[in-house]
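Read the numbers this way: they start at 1 and go in the same order the structure lists the ligands and their atoms. As the structure is a computational prediction, the values presented were derived from the model and not from experiment.
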Amino acid sequence: MLAEQVKELLERTSPTGVEESIIVQGWLRTVRHTKGVSFMDLNDGSCFSGIQIVVSPDLHNFDSEIRSLGTGCAVRVRGALVESPGSEQRYEVQAQEVEVLGDVEGDYPLQKKRHSFEFLRGIAHLRPRTNTMGAVFRVRNAASMAIHNFFQRNGFFYLHSPIITTSDCEGAGEMFRVSTLDADSPPRDEAGRVDFEKDFFGREASLTVSGQLQAEIAAMALSRVYTFGPTFRAENSNTARHLAEFWMVEPEMAFCDLKGDADLAEAFLKEVFHEVREACTEDLEFFNKRIDKTVHSRLNEVIDKPFERMTYTEAVAVLEKSGETFEFPVSWGADLQSEHERYLTEKVVSGPVIVTDYPAGIKAFYMRRNDDEKTVAAMDVLVPRIGEIIGGAQREERGDVLLGSMKEAGLSEEEYRWYLDLRRYGSVPHAGFGLGFERAVQFLTGMANIRDVIPFPRVPGYAEF
Ligand code: 4AD
Ligand code: MG
């Protein structure tokens with residue numbers, strides 16, 4: 001079996017005392033030598049806290065090895081877990097043996113001082129060892145599990161939607177091409193255009209922007225499904241809320257309308273955030289203290305308060321009447337910008353808002369046309385600080401109406417044959433949504449830049465590591 005980790009040791013109800021030995025392994029955050037004794041703060045990432053190792057100069061390798069250990073060194077310690085006389089920690093380890101597993105060279109970039117997040121992005125191979133990134137990774141993990149738990153409790157099946165696709169779900173043309181053609185001299189057809197029939201898949205293919213269309217296929221058989229996977233957008237957005245590769249959670253429900261969809265989104269965020277709050281107390285405490293003082297209060301707002309709901313038309317009226325000068329003017333028919341979304345959640349409501357029934361012209365082809373012919377049964381869930389965290393809709397289940405919307409969007413009937421087929425064979429009202437996982441992690445942690453809540457961010461001009 002694997003050796004015990006710091007988290008397990010710190011959670012013990014009583015220390016083992018001097019007679020029993022435990023083993024801990026990790027990386028040193030700090031080392032302090034005083035006369036007669038040395039202190040090392042050892043962290044293994046299993047939890048926010050490290051454990052203090054007390055080393056006596058009597059150890060055989062003290063002068064030859066231990067004395068020169070510094071930040072970043074990897075060690076294995078055998079010793080006694082005892083109650084700590086200091087007030088900072090409950091337990092500490094009195095070392096009986098310190099084995100140096102990996103020394104650090106003198107230019108180790110993570111010294112015991114504050115580094116900017118921008119600097120840390122450049123050393124993404126080492127930044128998981130910082131307090132902040134360690135906590136981010138653990139919150140990501142807890143949120144992932146909470147998401148699976150929520151759906152599993154509610155009768156949803158986890159669907160593995162494809163990553164390589166030949167359809168553009170959002171119809172925005174922001175796709176990364178997947179091709180094995182020789183970029184220097186691709187085969188060409190008679191008209192001189194690149195001949196994708198000679199490409200790997202015999203046609204143009206891309207990385208998926210969303211698993212929704214495939215989730216709809218599955219929902220038409222299993223009733224409730226969800227995807228949770230990477231999605232890709234080749235949009236040239238250099239903002240603190242956009243990534244070229246991000247993770248999306250997409251439930252899809254048969255026999256569900258827009259109201260049911262919004263209800264699910266609200267219950268989902270409440271339960272997931274609640275579970276993360278329970279699982280990551282220490283990490284969230286850190287975020288609230290050191291990163292963003294509103295982490296706790298914003299989380300409480302989501303968990304405890306019913307979400308406000310308003311139509312797009314109502315939202316536009318509120319914004320127009322606000323007297324606020326926005327960078328982007330507000331007018332019916334224009335998409336809400338993040339400044340508008342934040343104004344609604346932070347100034348008008350002070351909490352999450354679900355905006356529904358957007359103009360058809362600014363939303364995707366698959367959304368269900370409302371009786372007014374002008375709007376669609378869309379919903380966005382907006383939260384303070386982030387703006388849009390979830391986008392969803394009731395889907396157009398009527399074949400003829402769907403075909404009309406597809407034609408308006410310039411989509412090929414032939415290519416979406418299968419999608420139209422679902423409307424010909426046992427079509428039912430259905431709905432779903434997509435949660436931007438990194439935006440949820442931003443909300444949970446208060447991290448200002450989305451690049452700092454994913455292990456290896458991919459953004460325009462950058463795909464290192
Ligand atoms: O609003 P979006 O584009 O909706 C869809 O893709 C639907 N097919 C979802 C569905 O109904 N099944 O994206 C959904 C969410 C957004 O609300 C946002 O949180 C996140 O995905 N998102 C991004 N996150 C990071 N970087 C980007 N470039 C993002 N684009 C969207
Ligand atoms: Mg959206």
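Panel detail: the Mg ion (ligand 2) has protein N, O or S atoms under 2.8 Å away, 1 in number.
Summary of contacts: the protein heavy atom closest to atom 17 (O) of ligand 1 is Glu388 OE2, 2.6 Å. Summary of contacts: the protein heavy atom closest to atom 14 (C) of ligand 1 is Met248 SD, 3.4 Å. Atom 18 (C) of ligand 1 has Arg439 NH1, 3.5 Å as its closest protein atom, hydrogens excluded (heavy atom only). Among all protein heavy atoms, the one lying closest to atom 7 (C) of ligand 1 is Glu170 OE2, 3.3 Å. Of the protein's heavy atoms, Arg395 NH2, 2.9 Å lies nearest to atom 11 (O) of ligand 1. In this structure, the protein non-hydrogen atom closest to atom 6 (O) of ligand 1 is Arg233 NH2, 2.9 Å. Protein heavy atom in closest approach to atom 15 (C) of ligand 1: Gly434 O, 3.6 Å.
Residues Phe433 and Val381 are not in side-chain contact: their nearest non-hydrogen atoms beyond the backbone lie 4.5 Å or more apart. Side-chain contact between Leu258 and Asp357: present, with at least one pair of heavy atoms (C-beta onward) separated by less than 4.5 Å. Two residues are said to be in side-chain contact when any heavy atoms from C-beta on lie closer than 4.5 Å; Ser161 and Gln212 fail this criterion. Side-chain contact between Ile123 and Leu110 is present, with heavy atoms from C-beta onward closer than 4.5 Å.
Residue contacts with ligand 1 leave out Phe437, since none of its heavy atoms falls under 4.0 Å from the ligand. Residue-ligand proximity: Glu252 is placed with every non-hydrogen atom at 4.0 Å or more from ligand 1. The shortest heavy-atom distance from Ala393 to ligand 1 is not under 4.0 Å.
The six-membered or imidazole ring of Tyr366 lies away from that of Tyr419, with a centre-to-centre distance of 6.0 Å or more.
Annotation: the span from Arg385 atom CZ to Arg342 atom CZ amounts to 6.5 Å, rounded to 0.5 Å.
Neither the backbone nor the side chain of Asp380 has any atom closer than 4.0 Å to an atom of ligand 1 (non-hydrogen atoms only).
Judged purely by distance below 3.5 Å, without hydrogens or angles, the side chains of Tyr226 and Gln152 pair a donor atom with an acceptor atom. When only modelled atom types and interatomic distance are considered, Thr375 and Asn370 share a side-chain donor-acceptor pair under 3.5 Å. When only modelled atom types and interatomic distance are considered, Glu282 and Ser49 share a side-chain donor-acceptor pair under 3.5 Å. Remark: the Arg423 side chain and the Ser427 side chain contain no N/O donor-acceptor pair separated by less than 3.5 Å. Judged purely by distance below 3.5 Å, without hydrogens or angles, the side chains of Thr166 and Glu415 never pair a donor atom with an acceptor atom. No hydrogens or angles considered: nothing links the side chains of Arg129 and Asn43 as a donor-acceptor pair under 3.5 Å.
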Sequence neighbours excluded and cut-off under 3.5 Å, please list the side-chain donor-acceptor pairs for residues 175-184, or say none.
residue	atom	partner	partner atom	Å
Arg177	NH2	Glu204	OE1	2.5
Ser179	OG	Leu181	N	3.0
Ser179	OG	Asp199	OD1	3.4
Ser179	OG	Asp199	OD2	2.8
Thr180	OG1	Asp199	OD1	3.4
Asp182	OD1	Asp184	N	2.9
Asp182	OD2	Ser185	OG	3.3

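Distances below 4.0 Å separate heavy atoms of Ser210 from the following atoms of ligand 1: 6 (O), 8 (N). Close approach of ligand 1 to Tyr366 (heavy-atom distance below 4.0 Å) involves ligand atoms 7 (C), 8 (N). Contact atoms of ligand 1 toward Gly392: 11 (O) (distance under 4.0 Å to a heavy atom of the residue). Under a 4.0 Å criterion applied to the non-hydrogen atoms of Arg241, ligand 1 contributes the atoms 25 (C), 26 (N). Annotation for ligand 1: atoms under 4.0 Å from non-hydrogen atoms of Gly436 are 15 (C), 19 (O), 20 (C), 21 (O). Close approach of ligand 1 to Glu235 is summarised as follows: ligand atoms under 4.0 Å from at least one heavy atom of the residue are 28 (N). Close contacts between ligand 1 and Ile389 involve ligand atoms 17 (O), 19 (O) [criterion: under 4.0 Å to a heavy atom]. Every atom of ligand 1 with a heavy atom of Glu250 under 4.0 Å away is listed here by number and element: 7 (C), 8 (N), 9 (C), 10 (C), 12 (N).
Residues that satisfy the ring pair (Phe, Tyr, Trp, His ring centres under 6.0 Å) test with Tyr416, not counting sequence neighbours, are Phe365. Every residue meeting the salt bridge (Lys or Arg N to Asp or Glu O under 4.0 Å) condition with Lys259, not counting sequence neighbours, appears here in chain and number order: Asp263.
Checking only distances, Leu243 does come within under 3.5 Å of ligand 1, N or O to N or O. The shortest N or O to N or O distance between Gly391 and ligand 1 is below 3.5 Å.
With a 6.0 Å cutoff to the six-membered ring centre and a 45° limit on the axis angle, Arg298 counts as a cation-pi contact of Phe443.
Glu341 has no carboxylate O lying under 4.0 Å from a charged side-chain N of Arg241, or vice versa, which leaves the two without a salt bridge.
Looking at Phe433, Phe246, Phe232, Tyr226, it is Phe246 that brings a heavy atom closest to atom 30 (N) of ligand 1.
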